Amino acid sequence: MDRLTLLKTFVVVANEGSFTKAAVRLDTSNQLVSKYVAQLEKHLDARLFNRTTRKIHLTEAGRQCLQHANHILESINDMESQLGLFNTQAKGTLHVSAPVSFSTLHLAGAIGAFQHAHPHVSINLQLNDRKIDVIDEGFDVAIRAGHLASSSLVAKKITTINLALCVSPAYLKKYGRPLHPSDLKPEHYLEYSYVNYDNNQSELIAALKANAQKSPPKLTANNGEVLTNVAKQGEGYVLQPTFIVGEALKKGELVSILDEYIPQSIALYAVYPHRKLISNKLRVFIDFLCNYFEDTPFWDR
């Protein structure tokens, strides 16, 4: 007997908690279901169910077998889906999490172009700057800047992200140009709520962290565009990615300072679970974003 058939029958019985219900689900006879389970038990030389007149319960061996069986069957389904991708069109719904400012400024345009190229893919986009749990919160992919912390996820680089410490020309005129991170005034700091202070090798990051601890920042916000607009008014200095401040720098509304102390560039990643083979709709979406933004994104050219 085909082992896959035995495994599939066993999984249905375990999920239904009944041979009779499993037979209905599989559109077969109760006797055949019992026969398949008995053959699997014989093959594994292990009792998978404790049977009573009313109920069946998985044994310890049965629980372990169920975990392995689910994994095997899921892998086979993924393989079949993956091999069939080459002749199928991308379709379905993608659940995407992405940062707020990047999405409003740049991702919206990319999504519009993607859906024009792939009209059968729908996108459910949720904007949030916090680090969401991709698996637990049911996302296919998260667009995130920084480094991958969890080994349960795969990260593919989409583009490079550069940072800039910015002030307005009016601020420089009033307070002068800082020559070293230690010259930054703590009370003028415009702090991003999710700033990562873990970069111990950066004098600038160390100074910003010390300033935030020494004196309450002039403004703390979880949105980089708000902080950037306040900085334009001459109210303080802000550290933001160039995909937010790039336009203001080009227009002269902001000026970058302490360039030699800016932390090295980071990356924008597509982060997704590796427990499943990547679906066609997700594969074409990630590839499209990589081609759309390129390694040197248009806002830095």
Side-chain angles (χ1 to χ4, degrees), residues 98-110 127-131 143-147 159-268 293 296-301:
V100 177
S101 293
F102 180 77
S103 298
T104 57
L105 294 172
H106 305 294
L107 186 60
L127 305 186
N128 204 314
D129 285 343
R130 68 177 175 84
K131 296 295 186 291
I143 309 301
R144 284 293 176 262
H147 304 286
T159 189
T160 300
I161 293 181
N162 293 305
L163 300 173
L165 185 68
C166 303
V167 295
S168 70
Y171 182 95
L172 291 181
K173 184 176 181 180
K174 185 174 182 179
Y175 297 104
R177 179 183 290 270
L179 301 178
H180 187 271
S182 59
D183 297 333
L184 294 170
K185 299 180 183 297
E187 64 274 15
H188 294 171
Y189 181 28
L190 305 175
E191 182 187 45
Y192 178 57
S193 300
Y194 300 116
V195 65
N196 185 355
Y197 288 122
D198 295 336
N199 190 342
N200 296 324
Q201 298 180 342
S202 169
E203 285 187 76
L204 176 60
I205 295 297
L208 294 178
K209 181 178 181 179
N211 285 352
Q213 295 173 341
K214 188 183 305 180
S215 174
K218 189 176 187 70
L219 172 64
T220 299
N222 64 354
N223 182 271
E225 291 174 87
V226 170
L227 295 167
T228 299
N229 287 331
V230 172
K232 290 179 186 178
Q233 300 171 36
E235 295 299 320
Y237 54 90
V238 64
L239 179 68
Q240 284 294 298
T242 54
F243 68 72
I244 292 179
V245 298
E247 192 66 23
L249 290 172
K250 290 177 182 178
K251 292 180 177 179
E253 297 171 320
L254 290 176
V255 178
S256 63
I257 59 174
L258 300 179
D259 292 345
E260 61 272 34
Y261 296 100
I262 297 298
Q264 64 182 12
S265 61
I266 56 177
L268 187 74
F293 291 110
T296 301
F298 54 82
W299 55 81
D300 282 339
R301 295 174 202 155

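Residues: numbered from 1 along the sequence shown. From a predicted model like this one, the values you see are computed outputs, not experimental measurements.
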A.B. asks: Specify whether Y189 and Y237 have parallel, tilted or perpendicular ring planes, treating 30° as the upper limit for parallel and 60° as the lower limit for perpendicular.
C.D. replies: parallel

A.B. asks: For V195 and L208, run side chain to side chain contact (heavy atoms under 4.5 Å, CB included): C-alpha distance rounded to whole Å, both residues' side-chain angles, the deciding distance at 0.1 Å, then the answer.
C.D. replies: CA-CA 10 Å; V195 65; L208 294 178; 5.8 Å; no

A.B. asks: Parallel, tilted or perpendicular, judged at 30° and 60°: which one describes the rings of F293 and F102?
C.D. replies: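 Tilted, since the angle between the ring planes falls between 30° and 60°.
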
A.B. asks: Looking at side-chain heavy atoms only, is the closest gap between P99 and I143 below 4.5 Å?
C.D. replies: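 Result yes, sub-4.5 Å side-chain heavy-atom pair found.
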
A.B. asks: For the residue pair G234 and S168, what are the closest heavy atoms and their distance?
C.D. replies: CA-OG, 3.1 Å

A.B. asks: Using 30° and 60° as the class limits, which term best fits the ring planes of Y175 and Y171: parallel, tilted or perpendicular?
C.D. replies: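 Geometry flag for Y171 against Y175: tilted rings.
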
A.B. asks: Working to the nearest 0.5 Å, report the span between CG of L227 and CD of E235.
C.D. replies: 12.5 Å

A.B. asks: Quick one: CD on E203 to NE2 on H180, what's the gap to the nearest 0.5 Å?
C.D. replies: 4.0 Å

A.B. asks: Side chains of Q240 and S101: do they bring a donor and an acceptor to under 3.5 Å?
C.D. replies: no

A.B. asks: If you take all heavy atoms of L179 and L258, which pair is closest and at what distance?
C.D. replies: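 Heavy atoms of L179 and L258 come nearest at C-CD2, 3.5 Å.
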
A.B. asks: Nearest heavy-atom pair of L172 and P178: which atoms, and what distance?
C.D. replies: CD2-CD, 4.3 Å

A.B. asks: Strictly distance-based, threshold 3.5 Å: is any side-chain N or O of S193 a donor or acceptor partner for the main-chain N or O of A221?
C.D. replies: yes

A.B. asks: Keeping the roles fixed (side chain from R144, backbone from R130), state whether a donor-acceptor pair exists under 3.5 Å.
C.D. replies: yes

A.B. asks: Between the main-chain N or O of V226 and the side-chain N or O of N229, is there a donor-acceptor pair closer than 3.5 Å?
C.D. replies: no

A.B. asks: Begin with the C-alpha distance, continue with both residues' side-chain angles, and end with the deciding distance and a verdict on side chain to side chain contact (heavy atoms under 4.5 Å, CB included) for K218 and V230.
C.D. replies: CA-CA 10 Å; K218 189 176 187 70; V230 172; 6.0 Å; no

A.B. asks: Side chains of D300 and T242: donor-acceptor distance under 3.5 Å anywhere?
C.D. replies: yes

A.B. asks: L254 and C166: which non-hydrogen atoms are nearest, and at how many Å?
C.D. replies: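 The answer is CD1-CB, 4.0 Å.
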
